[in-house]
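Here the structure comes first, spelled out in structure tokens, and everything after it is commentary.
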Amino acid sequence: MSDRNQALVFIVSVLAISWSFEAFIIASGGVRNFGPLWIVALMCIPGALSILLRLILKSGYEDVSFRIGKGRYYVYAVAIPFLLVLLTGLVSAAIDIRQFSLVSFEQLIRLSPVLLSVLVLGLIGAFGEELGWRGFLLPKLVGGGVKNPYLVSGLVWASWHLPLVAYGGFYQTESITTLIS
């Protein structure tokens, strides 16, 4: 099967499975009614499907490009999102959209198990997504000669997120202040 056809099978399969799962979540009251493990499971669907397709098609993992990069990229990967969050918080406070205040040391200690679990679960889910999107779909789009493979990959990724973001109450979960109070 050609790379282009593998990409098409992957896109159709991952969207059908994920959207069905997301429809279940939406029909059951949205993200608010599900724990983080359900969302991590959803995030792992692209990676799990990419592994399954590689096994079925006997295509191997040569095009995944697992390797350790330069150290500065890991620094960028941590520093840039942190700075963006800080900038967003400061701008939001300046224009009075949100309150911005530091938590006390006691609150930080109480919140640390939540932060650690969010970090660990987030990394697991992110690996599941990246293995599918960048480890399978993108190499197949490039290898299949698809015009604008990064754009196509981005549009598929956005389409994959759309149902929960638009209809699942994705941004209506409990406030962090409730968790630390």
Side-chain angles (χ1 to χ4, degrees), residues 14-15 17-51 64 66-138 153-181:
V14 79
L15 291 179
I17 293 167
S18 297
W19 283 350
S20 297
F21 190 42
E22 291 178 45
F24 168 73
I25 291 172
I26 292 166
S28 300
V31 172
R32 171 174 286 181
N33 295 334
F34 292 84
L37 291 177
W38 287 80
I39 303 304
V40 172
L42 176 66
M43 293 171 72
C44 287
I45 289 173
L49 188 58
S50 74
I51 292 170
V64 178
F66 284 129
R67 62 182 177 267
I68 295 177
K70 295 179 181 177
R72 70 173 184 239
Y73 297 123
Y74 296 99
V75 172
Y76 296 157
V78 172
I80 291 172
F82 176 77
L83 292 173
L84 287 172
V85 166
L86 184 63
L87 178 66
T88 302
L90 292 172
V91 168
S92 296
I95 60 176
D96 203 26
I97 294 175
R98 300 285 264 177
Q99 291 181 347
F100 183 72
S101 62
L102 298 175
V103 296
S104 70
F105 184 72
E106 294 80 25
Q107 290 173 322
L108 186 60
I109 295 299
R110 282 188 288 168
L111 190 58
S112 61
V114 173
L115 294 174
L116 185 60
S117 66
V118 166
L119 176 65
V120 169
L121 292 174
L123 288 173
I124 291 168
F127 181 76
E129 282 196 49
E130 291 304 314
L131 186 60
W133 304 130
R134 252 66 64 210
F136 187 87
L137 179 59
L138 192 57
S153 176
L155 290 173
V156 171
W157 178 82
S159 300
W160 180 80
H161 281 87
L162 185 62
L164 277 189
V165 172
Y167 303 107
F170 194 75
Y171 295 107
Q172 297 174 358
T173 56
E174 288 183 26
S175 169
I176 194 94
T177 56
T178 305
L179 295 171
I180 61 176
S181 300

Sequence-distant partners of [X], side chain to side chain contact (heavy atoms under 4.5 Å, CB included), two or more places apart:
| X | value |
| --- | --- |
| Leu162 | Ala166 |
| Leu123 | Leu119 |
| Phe105 | Ile109 |
| Val120 | Leu116, Ile124 |

Please list all pairs passing the salt bridge (Lys or Arg N to Asp or Glu O under 4.0 Å) test where one or both residues lie in residues 72-92, with sequence neighbours left out.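 Every pair satisfying salt bridge (Lys or Arg N to Asp or Glu O under 4.0 Å) with a residue in residues 72-92: there are none.
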
Applying salt bridge (Lys or Arg N to Asp or Glu O under 4.0 Å), which residue pairs with at least one partner in residues 78-93 are found, sequence neighbours left out?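 Matches after skipping sequence neighbours: none remain.
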
Are the side chains of [X] and [Y] in touch, meaning some heavy atoms are under 4.5 Å apart?
| X | Y | result |
| --- | --- | --- |
| Val14 | Leu137 | no |
| Leu42 | Ile45 | yes |
| Ser20 | Phe24 | no |

Straight-line distance of Leu131 CG to Ile51 CD1, nearest 0.5 Å: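 Those atoms lie 5.0 Å apart.
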
Please list, chain by chain and in numerical order, all residues satisfying ring-ring contact (aromatic ring centres under 6.0 Å, His included) with Phe21, sequence neighbours excluded.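 ring-ring contact (aromatic ring centres under 6.0 Å, His included) list for Phe21, sorted by chain: Trp38.
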
With a 6.0 Å cut-off (strictly less than), is the heavy-atom count around CG of Leu83, excluding the residue itself, greater than 12?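 Enclosed: over 12 neighbouring heavy atoms sit under 6.0 Å from CG of Leu83.
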
How far apart are the closest heavy atoms of Gly125 and Met43, and which atoms are they?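 What the structure gives for the nearest pair is C-CE, 3.4 Å.
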
Please determine whether side chain to side chain contact (heavy atoms under 4.5 Å, CB included) holds for the pair Ile39 and Leu121, giving the CA-CA distance in whole Å, both sets of side-chain angles, and the decisive distance to 0.1 Å. CA-CA 9 Å; Ile39 303 304; Leu121 292 174; over 6 Å; no

Could you tell me whether the side chain of Ser28 and the main chain of Ile25 form a donor-acceptor pair under 3.5 Å?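 Here the side-chain-to-backbone pair does not exist.
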
Contacts under 3.5 angstrom, residues 153-160 side chains, donor-acceptor by atom type, not counting sequence neighbours:
{"residue": "Trp157", "atom": "NE1", "partner": "Glu129", "partner atom": "OE1", "Å": "3.1"}
{"residue": "Ser159", "atom": "OG", "partner": "Leu155", "partner atom": "O", "Å": "2.8"}
{"residue": "Trp160", "atom": "NE1", "partner": "Ser18", "partner atom": "OG", "Å": "2.7"}

